Structure formats: C-alpha cells, structure tokens
2 protein chains.
Amino acid sequence: MNANPPRTRIQKKNRSTILDAALEVFSRHGFRGATLDQIAGEAGLSKPNLLYYFPSKEAIFITLLSGLMETWLDPLRELDPSGEPIEELLAYVRRKLQLSRDFPRESRLFANEIVQGAPRMEHLLATDLKSLVDEKAGVIRGWIAEGQIADVDPHHLIFSVWALTQHYADFDVQVRAVLGPGHDPLAEAETFLDTLFRRLLAP
Amino acid sequence: MNANPPRTRIQKKNRSTILDAALEVFSRHGFRGATLDQIAGEAGLSKPNLLYYFPSKEAIFITLLSGLMETWLDPLRELDPSGEPIEELLAYVRRKLQLSRDFPRESRLFANEIVQGAPRMEHLLATDLKSLVDEKAGVIRGWIAEGQIADVDPHHLIFSVWALTQHYADFDVQVRAVLGPGHDPLAEAETFLDTLFRRLLAP
DNA sequence: ATTGTTTTTGACCAAACGGTCAAGATCACG
DNA sequence: CGTGATCTTGACCGTTTGGTCAAAAACAAT
C-alpha cells in the first residue's frame, strides 16, 4: 500500500496542481457539471495522467472537500471563550468574511454541494461540524447567561454569520449585478455586518 | 408560428406536469446534473414526449427560471412606501421566509444557478432585479432620511434579507444536520430574524 | 365511419463522458 | 552509462447523454 502523503516532489506538485484545477472547475460547474477533460485542460495535464494521481473523478472531489473542511471551520474554532464576547463574535464575522474574499471558489464549492443535498458530505456535517457548533453555541450561551451579550439563539446566530458572509462569495454575480459597477461589495459588507452584529448583540 | 400560451387542455396539463417534474429534478441536481430521462420519469412521460412540448433541455430550464423570477420578486414588490417602515420591512422578511418554507425547490434552483455564475440568468439580474432593488432601496433611503429607521445601507439591507431567509431553504441539510432532530428551523428562524431586524432597524 | 390533426413512442444516432491499458518517455541513482 | 522505477500519453472502450424520426396511437370534427 502507498502511504497517503505523496512521496516524490513531482507527485506533490502534480497532485496540488490537479486539486487547484479541480477546485476551479468544480466550483464553477458543480460535480456533475465538471468533466475530467476540463480539469485536465485547466491543470495542463492529460486525462489519463489525472487518473494516475487520483483513482477517479469522485476521489478528486472528496479529497478537495475534506481538505477544505478544516479551513472552513477554523474561524469558528478560533472563537475564544475567555475573550471579550462582542469583540470575539465580531472578529469571527470578519474572519469569515475574509474567507469569502480570499477563497470564493472554496465557498462556492461547498455551497454547490450543500444546495444539492450534500450527498458526499452529510457525514462530515453531522459529526465534525455539528460538534464544533454545539461546543461554541455553549460558549455563546454562557455569555448570554452572564448578560454580556443580548439573548439570541446561539445556533441561529451562527447560521446568520454563515448566511451573511458566504452570501458575498456564493452570490457574487447577483450582488454585483444589483450594485452595478464601482462597488467593492466585500468592503461595504464589512461595515454593514459590523453594524448589524453590534446592534444585534448589544446587551 | 405557435402562440406561446398552450392551446389545448392536454397541452396545458402536460407542460405544467413537465415543468413541475423538471423543477424537482433540476433543483436537486442542477442543470447539468439533471437528465431528460430523470425528468421524463418524474413526469411519467417518455423522453421524446418531453421534446414534443419543449424544444430542448435548456428550453425547459429557461422556461422554469423566467416563470419563477416573478414569484421570487413579488415579496419585495409588495413593500409599501406609504406603510409603517419597520413593520413593512419585517413583513417583507416574513414573506421571504414564507417562500423558503413553501418553495424550497424554487429557492435551490436559483441558488444553484447563481452559485454557478448565472450563465442563463445574468441578463434578468442586471435588468428586472436591479431596477426593482434600486427602486426599493430609494424607498428605504427615504425612510432613513426621515429618521424612521436606523441608518444602514439599503442595498446591503436587502442582501441581508435574501441571505438570511434563503439560507434556510438552500442550506437546509446543513441547518438540520447541525441542529439535530426535534427542531423546526423555519419557525425558529422567524423569531430570530424578527429580533435581528428589529434591533438593526430601530431608529 | 372517415378523415385530418394532435399526441405518443420505440428505435436509433452522434457526441461526450469516466475510465482502462499497453507502450513509450523521463527520471533517479549506482 | 545503464537500469529499474516513476511518470506520461494516444488509442480505445462501454455507457450515458441530448436529441431525431418515422410510424403508430389517440383524439376531434363532420
């Protein structure tokens, strides 16, 4: 059996080239909408060559998803129970918004998968994601009990952060179409969301 | 040339059967993920029969999209400039949330299309949608100038309504996975969003 | 019943798809 | 340089896909 981490440097380079190309293509067209030929073209490799590094199209997709889940959860993981509640939550919003700015393809990849019922991800959602959210919801509930922030449902508070921040990555075309030219949606969103959450959370 | 509205009652019935089946399949798998055989199966018709009523797969999809755009914009259209500002906006949120409850397939269909760059819809976004949003943003700006609601960016306020309400339809699997069993996400969302927007908008 | 129109379908097609394979090119290393 | 391992690819395969078509079935009108 081969150890999972690639051995040679050429393997390392090609695997990451493929994953980057796959991210580009999958995030634009979804799993079924993407083709191996597109990914191969984007990566500058031949199709059989892709399948030398990954056993199947689905394997590429799953590798991508699980590698990204970590990045995606990190901002919430960093929420510090011993920090100042309101500033902690606002910092979380900013980190999440930063992901929408820096990794829109990753965001759209997740969105695509979840909108279609997360057939290849439901497990991760019900385990990793749920346990992290439940833990942090507990922290927030503590802050509420201490009267440090307003009384709102912690789970739905977290959902609202996801919805509001990811909207700017996932629905980027719509946002830009409505705003017209001459806007920096993400910059405006940062101000707006800061206001929104300050007003919502003020005790 | 055929007039657009179907002539016979059997045409009327079959076209709507097909569109409903197509909505079911497209919303679950996206445009490319859906197949004519799936739609035909769902509709209880043969594949060539579909293509007797619609010239192509894409024609079915586009018919669906444009028919739905109206439904989708209605809640915003009903925003009454002469009403009580805060209650008007909260009613808009409730109408939008009601769409997520009653028409989750339609919501996911839009989400799917927009996440993938709206290749078949960008035109509608930049015309119909933009002009309606701009108009209503003007109304909101008026309310702000009169000091009836807090000073927030009208466009991003509208985006936040979309993001927060559609999240519960589009990311339903994720919401349910995180909440676990024994929850009514939409009911909880109604309470949460009422609180959120009241606090955001209070002058 | 006859006739003309609308509706339905089985058989079929070319293209695109994910994936295989054997043979060739390139590389690492003594 | 030689040689074994790694890497690359053109040709190919079976299946699925969107779409066609001619002929049959169902319907409508007299």
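Labels below follow one simple rule: chain letters A, B, ... track the order of the sequence lines, proteins then strands, and each chain is numbered from 1. Only a predicted model underlies this, so the values are computations on that prediction, with no experimental measurement involved.
As a whole-Å value, the separation of B:Lys12 NZ from C:dT7 P is 13 Å. If you take CG of B:Leu51 and P of C:dC12, they are 19 Å apart, rounded to a whole angstrom. If you measure from atom CD1 of A:Ile39 to atom P of C:dG18, you get 8 Å, rounded to the nearest angstrom. Separating the OH atom of A:Tyr53 from the C1' atom of C:dG19 is a distance of 18 Å, rounded to the nearest angstrom. If you measure from atom NZ of A:Lys57 to atom P of C:dG18, you get 4 Å, rounded to the nearest angstrom. Atoms CD1 (B:Ile18) and C1' (C:dT7) sit 11 Å apart, rounded to a whole Å. Per the geometry, CD belonging to B:Gln11 stands 9 Å off P belonging to C:dT6, to the nearest Å. Taking atom CD1 of residue B:Ile10 and atom C1' of nucleotide C:dT8, one finds them 9 Å apart after rounding to whole Å.
Between the side chains of A:Asp80 and A:Ser82, at least one donor-acceptor pair of N or O atoms lies under 3.5 Å. Defined by atom type and a distance below 3.5 Å, a donor-acceptor pair is present between the side-chain atoms of A:Glu188 and A:His183. Judged purely by distance below 3.5 Å, without hydrogens or angles, the side chains of A:Asp172 and A:His167 never pair a donor atom with an acceptor atom.
In this structure, A:Ala40 reaches neither bases nor backbone, as no heavy-atom distance under 4.0 Å exists between it and the strands shown. If you check every strand for non-hydrogen atoms under 4.0 Å, B:Leu36 touches sugar and phosphate atoms only. Contacts of B:Ala59 with the nucleic acid, taken as non-hydrogen atoms under 4.0 Å apart, are absent.
No more than 12 heavy atoms of other residues, nucleotides or ligands lie within 6.0 Å of CD in B:Glu122, so this atom counts as exposed by the packing criterion.
The side chain of B:Tyr52 approaches C:dT7 more closely than any other nucleotide in the set C:dT7, C:dT9, C:dC17. In this structure, of C:dG19, C:dG18, C:dT20, it is C:dG19 that holds the atom nearest to the side chain of A:Ser56.
Interface limits on DNA chain D: the 5'-most and 3'-most nucleotides within less than 4.0 Å of chain B heavy atoms are D:dT17 to D:dC21.
A cation-pi geometry, defined here as NZ or CZ lying under 6.0 Å from the six-membered ring centre and within 45° of its normal, holds between B:Lys57 and B:Phe31.
Between B:Glu42 and the choices B:Val25, B:Asp20, B:Asp37, B:Leu23, the side chain to side chain contact (heavy atoms under 4.5 Å, CB included) rule is met once, by B:Val25.
In this structure, B:Asn14 and A:Gly33 both approach DNA chain C, and ranking their closest nucleotides by distance from the 5' end singles out B:Asn14. Nearer the 5' end of DNA chain D, as judged by each residue's closest nucleotide, is the contact made by A:Gly44, out of A:Gly44 and B:Arg32.
In this structure, the side chain of A:Ser100 engages the main chain of A:Thr165 through a donor-acceptor pair within 3.5 Å.
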